Amino acid sequence: MLRTHTCGELRAAQIGLEVTLCGWVDSYRDHGGGLFIDLRDRYGKTQVVFSPESGAAVQEAARGLRNEDVIKVRGQVSARPAGTVNPKLITGEIEIRCVELEILNKCKTPPFLPTQQDMPGEDLRLKHRYLDLRRPAMQETLMLRSRIIKMMRDYFEEQQFIDVETPILGRSTPEGARDYLVPSRVHHGHFYALPQSPQLYKQILMMAGYDRYVQVARCFRDEDLRADRQPEFTQLDVEMAFVDKDDVIGIIDGLVQRTAKELKGLDVQLPLPQMTYDEAMERFGHDAPDLRFGMELVDATDLAAEAEFRVFKAVAEAGNRVRGINAKGAADKYSRRLIDELTEFVSNDFGAKGLAWFKCEADGKLASPIAKNFTEELLAKFKDRFEAEPGDLILIVADKFSVTCKALYALRKRLAAELKLYDPKQMHFSWIVEFPMFDHDEETDRWVAMHHPFTAPRPQDLEHLESDPGKCRAVAYDLVINGSEAGGGTMRIHDNKVQQQVFGLLGMTPEDAKERFGFLLDALQYGAPPHGGIALGIDRWVMLFGGLDNIRDCIAFPKTQRAADLMTDAPGNVDRKQLDELAIKILRPEELKK
RNA sequence: GGGGCCGUAGCUCAAUUGGUUAGAGUCCCGGACUGUCGAUCCGGAGGUUGCGGGUUCGAUCCCCGUCGGCCUCGCCA
C-alpha cells in the first residue's frame, strides 16, 4: 500500500502519528510562508501543511502543485492551532505537517474542476468522465448503487435464491422493443440479439427446478432514450416456482421495507398498498401514478351532457369523457397567459383539442370564458363535483378516454411540481395490479401483449380469452415509487395450450410460434411448474433513493440521448476486414432508401 | 420521424431595438503575503460568438441548413 490512511479517516485521536496519504489536490492556498493543500480521495479531505519546517525542497515542490495533481505525502498528524479548526471537514480538527512529497501524476490544466460550483455542460462531463466521476456527488451515487445491489443480493440469498447467469448472446424475438443485433462470423447472415431481459431463460430455469432465481442482469433495448431510460440498463431479475402473485409481491415488499429503512430510515408499513390498473387509470390517468399527493382526476361526463356547451355535449354524447382536475388554491397563480401555456402543453404533446377551465371566485361562483354556456344550476353541480372552494382552479379535458388520461396525467404531474404539492424527499411505494392482457394496436388492427406474451391471464378471465381479449386481465403487478415504474412482473403461463392460444391471439401462426418459441413450448410439456417473477429497475431505484432526476447520473458510463458514449466515441467505425469476416456490406444512404 | 430549449474565453455566464474595441467571475501564467480553508491583494495572457450559407451599410442578435447536448411526443413486449 502506498498509503497508511485515507483522506477521510484521521481524527484528533491520531495526533502525533506519522502517516502517509495519497490523493488528488482538491485546492491549494499559498501564503508565501506557509502553504495549505486539501488532499481528496473518495473517503474525504484532509488538510496538508507545508511550512519552513517541511524543508526548502519540499516547500518548493509544493508551490508547484495545482488542482487534480495526484500526490503522496508523508508527515505527522497534528492538532490545528486554536481558532483554525475547520468544522466543515470531518478531519477538520487535524492537519498533516508534510515532510515528504511525491508527485505521482501531474495533472494538465483540466477542462473543468470536479470541485467547481457551476456544473459544467453534460457533454463535457461525459467526454471527461474520469473527472466527472471524481465529483463527490457522483461518488456518493455510485457508492449508493453499490450498497443497494449488495442489499438486494444479501436479501435474496437469505431467502434461498440462487444467482444464475444467463447468456448475453441470444436469439432475436422481434416482439416488443427493438433488439441490438450482433452478427455471427460463423453463420453468415445470422445474428445474435442482446437480451431485452433474461425472461425466457429464467422461466426455463424454473422448469429446470431452480425454484428461486435471482440475477443482476444487464438488459438492452434499442429504443429512443429519455431522462429515465438508457439503451442498456440493469435489472434485478427474480423468478420463483410454486408460488402465486402474493408470494412474489410479499418478497419484494420485504425488500422495499428493508431498503427504505436502511437507506432512508423510513418505516414502511406492509403490505404495500395495491390498486388495480383500471382504478389507477380512472383516478390518475396513468398506470404508475404519483401517490405522494392528491389532485385526482374527476369525471364530469354526465354533467357535460347537460350543458349547452357544444364541445362538452358532443364529447359526452359520443361516449367519450369529460374529466378534469381541481388545482386547489391555484386560481391566482395561473393567469390567462399561463393557462394558455398549459393549453398548449396538453394539445401539443398529448393530443387534447383544448383545455377548459373555471376559477372559483371569492363569492363561490365558477368563472370562465365558457361559463355563459352553463346554467347557474349546472355550474353549481360542477363546483360540487370538483369540490371547488374559492381560489381553486379547475382544468377540464373533453376527449377520448385515452386522451383525457394522457393530458390530465401530464397536467397533474406538472401542476404538482409547480405548486409544490409534495416534499421531494418523501417516498411512496405501491403496487398496480391486474393489468389488461392485451392492448389493441390501431395501426395494424391486432392485439399486442401489454406486458409480454408469457403473461398468465387471471383464471377467471380464461373463458373470454378468445371471445373478448380486451376484457382479459393478467396476473401482473408493477411496483411504483413516486410515480415511477420501479419494477414489474407477472405470473407466467405454465400450460402449453394456453401459451399457444395466446401466441395465436397475438397473430402468430402455429408455425411462427414453433419457429420462435419452440423451445419454450417444448419445455412446457416436460414438467413445468407454476411460476412467476419480477424485474426491478436498479438504475431507477438508485435514482429514486438518491433523489436524482436523471438516470445518467446513476450510471458510471452512460450514453447520450443519441445513444453515444462521448468518452470512447462508441459506436465507431470498424475495419473493412472485420466486416468482410461477417459478410456485411454497409449501404450508402441513397441505396438504403430503396 | 415530430415539437421545444441551448451552444459566446479552458469552465460558468453577460452583452440594450441589429451598431462602433464582445465583458465578468473562475481557471491559467507572473508577483506579493506566516494560519488559510470559496484565502486575499497586484499584474498578465486568453475569443473562427459550434460549423456553413443568406439578409443587411453593419449579425453574438434576424432567416435557412448542418453538427452537438438536453427535455419531450411517437417508440420503450
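In what follows, chains carry the letters A, B, and so on, assigned in the order in which the sequence lines appear, proteins first and then strands, with residues in each chain numbered from 1. Keep in mind that this is a model prediction, so the values were computed, not measured.
Nucleotide B/rC62 forms a Watson-Crick or G-U wobble pair with B/rG54, both donor-acceptor distances falling under 3.5 Å. Under the Watson-Crick and G-U wobble criteria, each requiring two contacts below 3.5 Å, nucleotide B/rC5 is paired to B/rG69.
A/N348 comes within contact range of no nucleotide atom at all, as no heavy-atom separation falls under 4.0 Å. Among the protein residues, A/L225 comes within range of no part of the nucleic acid, since none of its heavy atoms lies under 4.0 Å from any strand. Heavy atoms of A/K108 sit nowhere under 4.0 angstrom from any nucleic acid atom. Nucleic acid contact for A/F454: none, since no nucleic acid atom lies under 4.0 Å from a heavy atom of the residue. At a threshold of 4.0 angstrom between heavy atoms, the contacts of A/S197 include nucleobase atoms, whether or not backbone atoms are also involved.
Look at A/R135 and A/D553 and you find no salt bridge, because none of the NZ, NE, NH1 or NH2 atoms lies under 4.0 Å from a carboxylate O. Under 4.0 Å is where a charged nitrogen must lie from a carboxylate oxygen, and between A/E434 and A/R473 no such pair does. A salt bridge between A/R540 and A/D228 is present, with a side-chain N of the basic residue lying under 4.0 Å from a carboxylate O of the acidic one.
Atom-to-atom, CG of A/D349 to C1' of B/rC75 comes out at 14 Å; the value is rounded to the nearest Å. For the pair A/Q561 CD and B/rC73 P, the computed distance is 11 Å after rounding to whole Å. To the nearest angstrom, C1' of B/rG3 lies 12 Å from CZ of A/R226. Atoms CG (A/L131) and C1' (B/rC27) sit 13 Å apart, rounded to a whole Å. Between the CZ atom of A/F345 and the P atom of B/rC71 there is a distance of 15 Å, given to the nearest Å. Spacing between atom CZ of A/R414 and atom C1' of B/rC71 amounts to 12 Å, rounded to whole angstrom units. Regarding A/D224, its CG atom lies at a distance of 14 Å from the C1' atom of B/rG3, rounded to whole Å. The separation between A/Q230 atom CD and B/rC71 atom C1' is 15 Å, rounded to whole Å.
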Checklist outcome for this item: For nucleotides 35-44 of chain B, 5' to 3', base contacts (B), sugar-phosphate-only contacts (S) and non-contacts (-) with protein non-hydrogen atoms under 4.0 Å give BBBSB-----
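For residues 25-35 of chain A, the set of pairs meeting the side-chain hydrogen bond (donor to acceptor under 3.5 Å, both in side chains) definition, not counting sequence neighbours, comprises A/D26-A/R40, A/D26-A/K45, A/S27-A/R29, A/S27-A/D38, A/Y28-A/R66, A/R29-A/D38, A/R29-A/Q47, A/D30-A/R63.
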Item to check | Intermediate values then yes/no, side chain to side chain contact (heavy atoms under 4.5 Å, CB included), A/Y409 and A/L297 | outcome: CA-CA 8 Å; A/Y409 163 73; A/L297 276 52; over 6 Å; no
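For the 3.5 Å distance criterion, the side chains of A/Q215 and A/Y201 fail to qualify, holding no donor opposite an acceptor. Looking only at atom types and distance, the side chain of A/T173 has no donor-acceptor partner in the side chain of A/R171 under 3.5 Å away.
Closest approach of A/D287 and A/M281 over heavy atoms only: N-SD, 3.7 Å.
Evaluation of atom-type donor-acceptor distances gives a pair under 3.5 Å for the side chain of A/R229 against the base of B/rC76. Applying the 3.5 Å distance criterion, the base of B/rU34 shares no donor-acceptor pair with the side chain of A/E53.
If you find the closest nucleotide of RNA chain B to A/N550 and to A/G176, the one lying nearer the 5' end belongs to A/N550. Where A/P110 and A/R552 meet RNA chain B, the nucleotide closest to each residue was compared, and A/P110 sits on the side nearer the 5' end.
Comparing B/rA24 with B/rC70, their C1' atoms sit 26 Å apart, to the nearest whole Å. Separating the C1' atom of B/rG38 from that of B/rC27 is a span of 14 Å, rounded to the nearest Å. A distance of about 39 Å separates the C1' atoms of B/rG3 and B/rG46, rounded to the whole Å. Distance noted for atom P between B/rC64 and B/rC6: 14 Å (whole Å). Comparing B/rU8 with B/rU60, their C1' atoms sit 6 Å apart, to the nearest whole Å. Distance noted for atom P between B/rC63 and B/rU40: 42 Å (whole Å). Taking atom C1' on both B/rA45 and B/rG30, the two are 10 Å apart, rounded to the nearest angstrom. Rounded to whole Å, the separation between the P atoms of B/rA59 and B/rG19 comes to 11 Å.
The main-chain N or O of A/V85 is never found under 3.5 Å from a side-chain atom of A/R80 such that the two would form a donor-acceptor pair.
Residue A/R66 has a polar side-chain atom (N or O) positioned under 4.0 Å from OP1 or OP2 of B/rC29. For B/rG69, one of the phosphate oxygens OP1 or OP2 lies less than 4.0 angstrom from a side-chain nitrogen or oxygen of A/T560.
Taking the six-membered ring for Trp and thresholds of 30 and 60 degrees, A/F454 and A/H452 have ring planes inclined between 30 and 60 degrees apart. Note: A/Y180 and A/F220 have perpendicular aromatic rings, judged against thresholds of 30 and 60 degrees for the angle between ring planes.
Of all the residues in residues 118-126 of chain A, A/D118, A/M119, A/P120, A/G121, A/E122, A/D123, A/L124 reach under 4.0 Å from RNA chain B with at least one non-hydrogen atom.
Closest contact between the side chain of A/Q116 and the listed nucleotides B/rG69, B/rC11, B/rU72 involves B/rC11.
For NZ of A/K106, the number of neighbouring non-hydrogen atoms (other residues, nucleotides, ligands) closer than 6.0 Å is greater than 12.
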